[in-house]
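The next block holds one structure in the form of structure tokens; read it before the comments.
Sequence lines set the chain letters: A, B, ... in the order given, protein chains first and strands last, and positions in each chain run from 1.
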Number of protein chains: 2
Amino acid sequence: MNSSESSDEGGRPYHHGDLRNALVDAAATLAEEGGPDAVTIRAAARAVGVTPTATYRHFANQADLLHAAKHEAMDRLAGTILDLLASEKPAPHPAEAAVQRLAAAGRGYIRFALAQPGLFRTAFLRPHSGDAHPSTEISAILAEAPPYAFLTTVLDDLRAAGWLAPELRPDAETAAWAAVHGLAVLLVDGPYGDCPDTERDRLINATLGMVVRGLSGGPASDAPLNAE
Amino acid sequence: MNSSESSDEGGRPYHHGDLRNALVDAAATLAEEGGPDAVTIRAAARAVGVTPTATYRHFANQADLLHAAKHEAMDRLAGTILDLLASEKPAPHPAEAAVQRLAAAGRGYIRFALAQPGLFRTAFLRPHSGDAHPSTEISAILAEAPPYAFLTTVLDDLRAAGWLAPELRPDAETAAWAAVHGLAVLLVDGPYGDCPDTERDRLINATLGMVVRGLSGGPASDAPLNAE
DNA sequence: CGTTAACTTTGCAGATGTTAACTTTCCTTA
DNA sequence: TAAGGAAAGTTAACATCTGCAAAGTTAACG
């Protein structure tokens with residue numbers, strides 16, 4: 001008689017009710033602890049307390065589950081950045097404020113990478129060849145990587161404030177993103193793996209400084225950069 | 001009577017003679033095609049035409065083999081950069097020449113990443129916790145990542161030529177490296193995965209431009225970068 | 001001729017993804 | 001309100017991969 005009880009009282013109901021989300025959460029937790037490789041059908045099912053095959057009611061296969069975990073990870077990265085941006089009090093001068101926000105976004109990005117290396121790696125897993133829609137639209141990049149949106153906004157502000165040189169605007173997102181992402185990767189996985197906190201902060205500042213300086217027009221705008 | 005033949009004539013000799021190197025090569029090839037995950041004891045042994053257990057005469061375990069593959073990958077990356085640097089004819093002006101070499105190194109770095117994504121990922125595998133000697137010495141970084149050496153040299157030249165602002169010198173390696181590495185990662189694994197060649201070149205130029213500009217002292221050297 | 005290094009055979013123990021067929025529950029419909 | 005179909009689980013099983021250890025075999029070398 002108690003078999004259909006969906007409230008408390010012993011055995012969980014036959015129907016989970018929200019299994020898909022539960023699996024995504026479990027997958028995220030697995031990624032958090034063991035990186036992308038830890039995201040397996042069986043482990044996720046085990047974590048939720050469900051049979052492996054039940055997973056196939058909600059995901060086509062393991063790649064599909066991993067894909068969901070990737071999106072979840074990316075969302076959390078975006079959330080961390082947003083939180084940090086929201087907690088900043090803008091500087092009075094517009095240009096200063098924009099620069100400050102750019103730096104804050106970068107710091108949030110790196111902070112997330114350091115705090116959640118497993119999720120960070122998962123968020124930037126190479127897209128499984130097969131779900132590739134060959135659209136080169138910016139919207140595609142944006143959908144794949146929400147942080148891009150903040151960058152665009154901040155850089156527009158920076159441009160409006162007269163800091164960012166007009167001719168540098170087009171690919172500024174990429175350049176700034178590359179620097180921040182690269183530093184994050186080097187700190188998390190790379191040779192800077194175990195690096196004292198104080199030195200790490202210095203490196204972050206140096207890199208952000210280079211970005212800010214490199215995006216402003218300056219005496220070096222006509223650098224002799226020969227394409228190959 | 002022919003069983004001990006080490007020359008041609010049919011069956012390979014019982015003793016391989018250079019199994020360790022052969023396995024490293026095989027591991028590199030595996031990494032080339034399938035990334036780090038493809039580097040397994042059995043696959044490497046299979047590729048060489050040897051029993052899996054034979055591997056244990058030369059490597060302690062799978063992690064050890066993978067470690068060797070990682071070093072091999074890093075060496076090839078360094079080789080690619082060196083080759084490209086060697087083929088550049090230096091510009092007359094010292095500063096120009098230094099900037100040119102910095103850009104060339106960056107291009108070589110990214111070129112390798114795009115041409116050999118599997119090896120590139122393998123080269124920057126996070127160091128397996130356990131072989132971590134907590135030395136923060138620069139020499140450690142250098143040993144782990146030969147490209148660092150070129151960077152140091154080039155940046156010294158840049159400094160000597162008066163381009164690189166003195167106060168920016170200390171962490172210039174990291175900042176420049178971060179930008180180039182980040183772009184490489186974004187292009188190989190990240191959202192820029194399938195990106196038309198022409199756009200890709202533009203992004204590379206934009207990023208390298210930012211680096212060069214960002215390392216020179218300029219009007220923006222006193223950017224309002226508040227530490228957190 | 002014997003010691004020893006290099007390699008093979010055999011085999012275990014543990015993962016994984018995925019399919020097929022069955023069962024329980026819910027929800028709609030007559 | 002009872003029936004019946006569809007949805008969401010479960011059990012069982014297959015095929016395949018992995019690392020690794022123990023013990024035997026081959027050949028090289030002093």
Could you give the [atom1]-to-[atom2] distance, from [X] to [N], as a whole number of Å?
X	N	atom1	atom2	result
A/Leu66	C/dT18	CG	P	12 Å
A/Leu65	C/dT18	CG	C1'	14 Å
B/Arg20	C/dA5	CZ	P	17 Å
A/Leu23	D/dG9	CG	C1'	12 Å

Taking A/Arg101 as the fixed residue, which of A/Leu155, A/Val154, A/Leu158 is the one that meets the side chain to side chain contact (heavy atoms under 4.5 Å, CB included) rule? A/Val154

As a quick check of understanding, evaluate side chain to side chain contact (heavy atoms under 4.5 Å, CB included) for B/Arg121 and A/Arg126, giving each step before the final call. CA-CA 11 Å; B/Arg121 276 191 290 269; A/Arg126 75 173 174 289; 3.6 Å; yes

Heavy atoms within less than 4.0 Å of DNA chain C: which residues of residues 36-61 of chain A have one? Give them sorted by number. A/Thr40, A/Ile41, A/Arg42, A/Arg46, A/Thr53, A/Tyr56, A/Asn61

Would you mind listing every salt bridge (charged side-chain N to carboxylate O under 4.0 Å, His left out) that reaches into residues 61-77 of chain B, with sequence neighbours excluded?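 Of all non-adjacent pairs touching residues 61-77 of chain B, those that pass salt bridge (charged side-chain N to carboxylate O under 4.0 Å, His left out) are B/Glu32-B/Arg76, B/Glu72-B/Arg76.
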
Does a donor on one side chain and an acceptor on the other come within less than 3.5 Å for B/Asn205 and B/Arg200? no

Please determine, by modelled atom types, if B/Thr174 and A/Tyr192 share a side-chain donor-acceptor pair under 3.5 angstrom. yes

For B/His67 and B/Phe59, I'd like to know if the aromatic rings sit close, meaning centre-to-centre distance below 6.0 Å.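 No, the ring of B/His67 stays outside the 6.0 Å limit from the ring of B/Phe59, centre to centre.
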
Is the backbone of A/Ala43 close enough, under 3.5 Å, to the side chain of A/Thr40 for a donor and an acceptor to pair up by distance?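 Checked: pair present.
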
Would you write out the dot-bracket form of DNA chain D, 5' to 3', with Watson-Crick and G-U pairs under 3.5 Å, [ ] for crossing pairs, | for pairs to other strands and . for unpaired bases? ||||||||||||||||||||||||||||||

Flag yes if more than 12 heavy atoms outside B/Arg202 fall under 6.0 Å of its CZ atom; otherwise flag no. yes

